[in-house]
Every structure is written in C-alpha cells, then in structure tokens.
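One structure follows; several queries about it will come next.
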Amino acid sequence: MTLTMLAVFLVHVLLGLPLFISLLATAVVGFLFVDPAMIPRMMPQQFFGGINVFSLMAIPLFILAGNLMNVTRLTDRLMAFAKLLVGHLRGGMGHVNVVSSVFFAGVNGSAVADTSALGSLLVPPMRKEGYSTAFAAGLTAGSSLIGPIIPPSIFMILYASLTNTSVGDLFLAGVIPGLLLGLAFMTMNAWYAWHKGLEKRGGLPSRRELAVTALGALPALVAPFIIVSGIVMGFVTPTESGALTALYVALCGLVQGNLRIADFWKAMVDTTRLTSAIFLIMAASATISWLLSYAQVPNEFVALLAPYIEQPVVILLLLSLITFVTGMFMEEVSALMLLTPIFSPVAMMAGIDPVHLGIIITLNITIALITPPMGACVFVAAAVSRLEITSLFRTIWPFVVTAILVLILLILFPSLTLWLPTLLG
C-alpha cells in the first residue's frame, strides 16, 4: 500500500498538479486499499480536522508580522545595523548576509522569505565586492536556513501541534543551533574571502554611528524577545504571541510613519496567499497521516528499526537520512506532517527527548530547502540573482554539507539543543 501511494504521489507531482491535489489523490488510493467506504466519511473529517487546531493560528500571525516588517521598512534598519557590525571585515557583505539572516529569523521564521528579501538587496553589492554570482546566491540560500531554526518557526509550531511538545521549549532549543548555523556560514564566507583575496571595505564604525543605527533597529530587535519571553514565561500562547507581535510591528510602523493603508493591505494579501497554500498542504497531509496511522504503518516502522533502538545516535542518523531524502522530493510542510507521526514513536522508544527530535527534524526539513531538485530557496536565489538554476544546483553542495555538519554536531551533542530549555524551564 505504502509503495503504491508513493508512486501515485510522484506521478501526480511530475504531471505538475498542485501539491495538495497530489496529496489528496494519494490519500484516495490509500483508502481504496484500506476501505473504500471510508472515503466520503473520513477524508473530509480528517482534511478539516488536520487544520482545526488553535495553535496553528500562530502561523498566519507570524507570517503577517514578517510581512509588516517588510512594508514598514524595519527590515532595512536591521540590514543597516548588520552592515555596521560586520561590513568592515574582509568579505564584509557576505558576513552582512548571514547576520541579516539571523536578525530576520527572529521575526518571520520563513527561509524562502529571507532568501527573497536578502537576495535582491545583497547579491548585487556582493558581486561588486568580488564575489562570484554562484557563491553570493548560494550563501543567500544557505544562510536563509537560519530562519526556521531561530524562533519563531513555522516548522516548530507544526511539530509541536503533532507531538504535543511545548512550543516555548522548542523555540528556546532552536536558539543555539541557529547561531551555530550562522557561525558555520560566516566561517565558510571568511575562508572564501581569504582564498579569493577580497579586500576590506570601510573602517570601524564610530560609537555614535553604532548607537544611532542600533537605536533605529531596536524596534525590530525587540520583536523576537516579545515572542519568546511571552511564551516561555506562560503569559501568552503561541497564537496570542503571534497576534501581539503583528500588532507591535504595526504600531511601530504607524509611530514612525512608514505604514500606509496600501502597505497594510499588501501585507494582508501576501499573508492570506501564503497561509492558504500552507494550510491546504497541511490539511491534505493530515489526511494521509491519519490513514498511515490507521493502517499501523508507524508500528511497522518501529519494528523495522527495533535492532537499533538502544542506540539513540544511530536512530537519529537513520531518521535524518530518511528525512533528507524525502525532503529532496517533497514539499517541506507535507514532509514534516507525514514523517513526524511515524518518527515520534521510534524516538520515544529510543529515549530521545521530543524537543531534541523536533530540532533535528526541523533542521533536516530546512536543509531540504536548498537541495535539488525541489529546493525552494535555490529557485528563489537563482531568480533574484539572475543565475541559471542548474548552475546554482551544481554549486550549492558546499552549503548543504556545511548545514549537515551542524546537524551531525547537534545529534552527537544533545545538550546544544536542550541546555537552554533546561536552564529556563
């Protein structure tokens, strides 16, 4: 049954049908194997039930907050602050790219949005500084992986809703891995700048310049603290935190005079379009997840990995390999929705902390955003840098390997993810 469903899904994707239709067609085939009479009764119930979860309302609210940051030009101030901090170093614009990704990650949690925003603004000046177009686009796509790891994270909210894990703990657990990713890409950029002999540009900023720029970026820098602290301290739910953040960003735009009615309307329309696409995929994926659970597929998977159940590191490496390969050929939200219910029982039996598992799965799914043939961030980076997609797919692998090395580090040392939630828990 499972192999037939996989074949049906791949055929529909190759035919170019919308992803949620491909998933629903796959679910229909699965129900034909299990019990055709369940199609009119269970498919609609699971389709709507999969998105009828209060915590998932946080997703459109965080997306709205990120869009409002863009239209109110708060993102420009973040980038200016990043440029002042690291722009004077050798390979300064590359470092600005990575640091800006860290800043942007604290607002929208979307890698694709980060790639689009940073690529159009930073790839041209990186080329002027001496970077090849391929490396500039690759670094933009690679550093955007920080977005879903540093809170807030759409993937973490989805994982939490599927496993009843604390969103606050997941958000805290993502901070150090996100910073490690940033450090890894900055190290890679520094090596490239030294190897290519790129010159330093500009000098150290004065204290006054640093203070003025930091003050301008402060409203944007405060947003992540509102998100994380409110959830961790129990003052608000993730959904309420998303609403507060969107309201806060909108008020900042109004006070600074950068938010017009047309801008607000654009942010709402963009949020609606992206949310609709995400929720349709989630609903269709939830239908398949329920069907696989009903057919006892997770139990079969547990039995398959039973010989390694006493070796948590081996289990995590195997789960990561499966997730990595799946993510190469499946949209990330649907991959997360399908794999998490199957992986979670295995991890529990192996004694793996659900928060640690959440970070590992999230990073795996995120890495898939820059892997061929379906890496969304690579397509966006190629478009904004006007580079052939095949050329970028050939040169993206060093960035993939860098992210995988960070992933392996997190698997070998769980304390890197669990230390902060334990400390503040």
Side-chain angles (χ1 to χ4, degrees), residues 1-64 110 153-165 167 237-239 242 271-301 323 326-327 329-345 361-362 365 368 374 376:
M1 180 189 84
T2 307
L3 292 177
T4 304
M5 291 173 64
L6 179 61
V8 170
F9 174 75
L10 291 176
V11 168
H12 280 80
V13 169
L14 291 174
L15 289 174
L17 293 173
L19 184 58
F20 81 96
I21 293 179
S22 302
L23 290 166
L24 287 176
T26 304
V28 169
V29 171
F31 275 108
L32 291 176
F33 275 94
V34 175
D35 183 0
M38 296 173 69
I39 294 177
R41 177 168 51 90
M42 295 307 300
M43 275 196 67
Q45 180 179 329
Q46 297 305 320
F47 183 87
F48 290 104
I51 55 177
N52 187 24
V53 181
F54 177 72
S55 60
L56 295 182
M57 277 301 299
I59 293 175
L61 292 169
F62 283 129
I63 294 174
L64 176 61
S110 169
S153 168
I154 293 172
F155 292 161
M156 290 182 191
I157 294 172
L158 286 176
Y159 174 86
S161 70
L162 292 168
T163 60
N164 292 321
T165 306
V167 175
T237 65
T239 301
T271 300
T272 303
R273 286 174 177 167
L274 182 55
T275 302
S276 301
I278 291 174
F279 271 57
L280 277 173
I281 294 169
M282 284 167 48
S285 300
T287 306
I288 297 180
S289 295
W290 180 88
L291 178 63
L292 294 176
S293 178
Y294 182 83
Q296 302 296 312
V297 172
N299 293 342
E300 296 175 9
F301 188 72
T323 308
T326 304
F329 300 98
M330 184 178 286
E331 194 275 335
E332 289 68 33
V333 171
S334 56
L336 180 66
M337 295 282 291
L338 292 175
L339 293 178
T340 299
I342 298 174
F343 287 177
S344 185
I361 290 181
T362 298
I365 292 293
M374 293 184 65

Residues in side chain to side chain contact (heavy atoms under 4.5 Å, CB included) with Arg41, at least two apart? Met38
With the side chain counted from C-beta on, respond yes when Ser293 and Pro341 share a heavy-atom pair under 4.5 Å apart, and no when they do not. no
Judged by modelled atom types alone, do Thr239 and Thr237 share a side-chain donor-acceptor pair under 3.5 Å? no
What closest approach, in Å, do Phe31 and Ile39 show between heavy atoms, and which atom pair accounts for it? CB-CG1, 3.5 Å
Only counting residues at least two apart or in another chain, list the ones meeting ring pair (Phe, Tyr, Trp, His ring centres under 6.0 Å) with Tyr294. Trp290
Within the 4.5 Å heavy-atom criterion, are Tyr159 and Val167 side-chain neighbours or not? no
Should Val333 and Ile365 be marked as a side chain to side chain contact (heavy atoms under 4.5 Å, CB included) after you check the CA-CA gap, both sets of side-chain angles, and the distance that decides it? CA-CA 8 Å; Val333 171; Ile365 292 293; over 6 Å; no
Indicate yes or no: at least one non-hydrogen side-chain atom of Met5 is less than 4.5 angstrom from one of Leu291. yes
Run the side-chain hydrogen bond (donor to acceptor under 3.5 Å, both in side chains) test against Gln296 and tell me which residues pass, sequence neighbours left out. Asn299
Is there side-chain contact between Val53 and Leu56, with at least one heavy-atom pair below 4.5 Å? yes
Measure the shortest side-chain to side-chain distance between Thr287 and Leu23 over non-hydrogen atoms and say whether it is less than 4.5 angstrom. no
Side chains of Ile278 and Ile63: does their closest heavy-atom pair fall under 4.5 Å? yes
